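Quick note on labels: first sequence line is chain A, next is B, and so on, each numbered from 1. Bear in mind the structure is a predicted one, so any value in this text is a computation, not a measurement.
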Protein chains: 2
Amino acid sequence: MIPLDAFDISILAILQADNTTPQRDIGEQIGLSAPAVQRRIKRLRETGVIRADISVLDPEKLGRPITVFAEVKMEVEKVEIIKQAKAIFSSTPQVQQCYYVTGDVDFILILVVYSMKEYEELTQQLFFGNNNVKSFKTSIVLDIVKAGLSIPINKP
Amino acid sequence: MIPLDAFDISILAILQADNTTPQRDIGEQIGLSAPAVQRRIKRLRETGVIRADISVLDPEKLGRPITVFAEVKMEVEKVEIIKQAKAIFSSTPQVQQCYYVTGDVDFILILVVYSMKEYEELTQQLFFGNNNVKSFKTSIVLDIVKAGLSIPINKP
DNA sequence: GGCAAATTTGCAATTTTGTTTCGTTGCACT
DNA sequence: AGTGCAACGAAACAAAATTGCAAATTTGCC
């Protein structure tokens, strides 16, 4: 477990909202010098607390892709089967998100495709083409009301 | 609709994987000068194609928050009711993602909480406390197999 | 096809930002 | 008190982003 003090928490809160914020500005906001901030950010990256730095794109502006939500049930819940499924889902670019969950389904996926044809091919490849998949159910996303990866940072 | 040429597409692909990539490197990769890249990025931001630039944090390293998946069904699908629900979900920090979908449920949510107590309070506030919510079902996420916001960029 | 207007580019100079160095301070442990 | 460690800030430095400008490319229109 990496120890995080109040400064780290503040830095993380700022960066997960906008990682183009200059280190000087961050320093000013939290009361630290730019180098101190820089060293902390470096450590946060090295230790994996900051996992990635990315631009978030607007799907609407990129050819209006279709977001699809899928629930998947596996035939058997053998470790090896699950592991294999995870690997397949992870490596598929159209799979934007994949969660392994409790309850009556095993996986929850968020898919992004550009056409129904691509959607069909994808379901064929991921679900029908996989004997370990017992059943699946999909829903079309009508509206992405909110989509982020922000983690609430003020623990109660 | 904002016209995007091959250069823009390449730039977006790079930035959505790593937005700390120096503009000079981007230019080298795609065959453009740094200023040209910079001007394009600026325009992409201004036009909203790039919606945000963020650091992605590792939940595991931040006090092991619990990710919860929730399906919500509304009493009636009146526009006003839906609109209101969207507003509530959007403004709740623990709601990391919210999708309005077709099918037998109306909303799909991904929640992030730090304790079962917080989870209980949240369901009370969001679901039990809202008369327009007919029913809801939640699952605990055992493993975040893949979580990103990347949009596949090579259109078929 | 050819021409003019508008865009977009690359280069060079400037500014801003990020990084390294170095000396100092606070603190736990002997 | 003395030592070692960790983190800090100020200043110097390196790297990257941004701007101004002239040349080149593209676009729209005869």
Side-chain angles (χ1 to χ4, degrees), chain A residues 1-58 60-64 148-151 153-155, chain B residues 1-58 60-64 148-151 153-155:
Chain A
M1 188 85 191
I2 298 103
L4 302 173
D5 64 12
F7 286 128
D8 292 318
I9 296 294
S10 300
I11 290 170
L12 291 173
I14 292 169
L15 290 183
Q16 89 167 336
D18 180 6
N19 73 352
T20 66
T21 314
Q23 296 174 354
R24 280 175 172 77
D25 292 5
I26 298 174
E28 235 170 83
Q29 279 185 53
I30 67 176
L32 227 53
S33 70
V37 172
Q38 129 81 7
R39 285 186 280 254
R40 280 164 181 273
I41 293 175
K42 189 182 175 196
R43 193 179 44 198
L44 290 168
R45 285 201 230 273
E46 284 169 354
T47 54
V49 178
I50 295 175
R51 190 147 51 164
D53 290 271
I54 63 167
S55 292
V56 180
L57 311 185
D58 185 341
E60 294 287 314
K61 306 259 168 77
L62 283 169
R64 300 191 173 279
L149 297 173
S150 287
I151 293 155
I153 246 171
N154 301 320
K155 303 179 205 175
Chain B
M1 189 85 192
I2 298 103
L4 301 174
D5 64 13
F7 286 128
D8 292 319
I9 296 294
S10 302
I11 290 170
L12 292 172
I14 293 168
L15 289 184
Q16 87 168 334
D18 180 6
N19 73 353
T20 66
T21 315
Q23 295 174 353
R24 185 151 36 88
D25 291 5
I26 298 174
E28 235 170 83
Q29 280 185 51
I30 68 178
L32 227 52
S33 70
V37 171
Q38 129 78 7
R39 284 184 279 254
R40 281 167 180 272
I41 293 176
K42 188 183 173 194
R43 194 177 43 197
L44 291 168
R45 284 202 231 274
E46 284 170 354
T47 55
V49 178
I50 295 176
R51 190 148 50 161
D53 291 271
I54 62 166
S55 292
V56 181
L57 311 186
D58 186 341
E60 294 288 314
K61 307 259 169 77
L62 283 168
R64 301 191 173 279
L149 297 172
S150 287
I151 293 153
I153 242 169
N154 301 320
K155 303 180 205 179

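Atom P of nucleotide D:dC8 and atom CD1 of A:I11 are separated by 9 Å, given to the nearest angstrom. Rounded to whole Å, the distance from CZ on B:R43 to P on D:dT18 is 15 Å. C:dT20 atom P lies 13 Å from atom CD1 of A:I41, rounded to whole Å. Atom C1' of nucleotide D:dA17 and atom CD of B:E28 are separated by 16 Å, given to the nearest angstrom. To the nearest angstrom, C1' of D:dC8 lies 17 Å from CD1 of A:I26. Atom-to-atom, CD1 of B:I30 to P of C:dT8 comes out at 14 Å; the value is rounded to the nearest Å. Rounded to whole Å, the distance from CG on B:L4 to C1' on C:dT8 is 16 Å.
Comparing C:dA12, C:dT17, D:dA17 by their closest approach to the side chain of B:Q23 singles out D:dA17. If you check C:dT8, C:dG18, D:dG9 against the side chain of A:R24, the one that comes closest is C:dG18. Counting only heavy atoms from C-beta on, A:L32 has its side chain closest to D:dG9 among C:dT8, C:dT17, D:dG9.
Here the shortest heavy-atom pairing between A:I50 and A:D53 reads CG2-OD2, 3.6 Å. Summarising the geometry of B:D8 relative to B:P3, their closest heavy-atom pair is OD2-O, 4.1 Å, with the distance given to 0.1 Å. The two residues B:S10 and B:I30 make their nearest non-hydrogen contact at CB-CG2, 3.6 Å. Taking every heavy atom of both residues into account, B:A13 and B:I153 meet most closely at N-CD1, 3.7 Å.
The phosphate of D:dT18 (OP1 or OP2) has a side-chain N or O of B:Q38 nearer than 4.0 angstrom.
Between B:K61 and A:L4 the shortest side-chain heavy-atom distance does not fall below 4.5 Å.
B:P35 comes within 4.0 angstrom of a nucleotide base, judged by non-hydrogen atoms across all strands.
For D:dG9, the base has a donor-acceptor partner in the side chain of A:R39 [N/O atoms by modelled type, under 3.5 angstrom].
Between A:R40 and B:T21, it is A:R40 whose nearest contact on DNA chain D lies nearer the 5' terminus. If you find the closest nucleotide of DNA chain D to A:F7 and to B:K42, the one lying nearer the 5' end belongs to A:F7.
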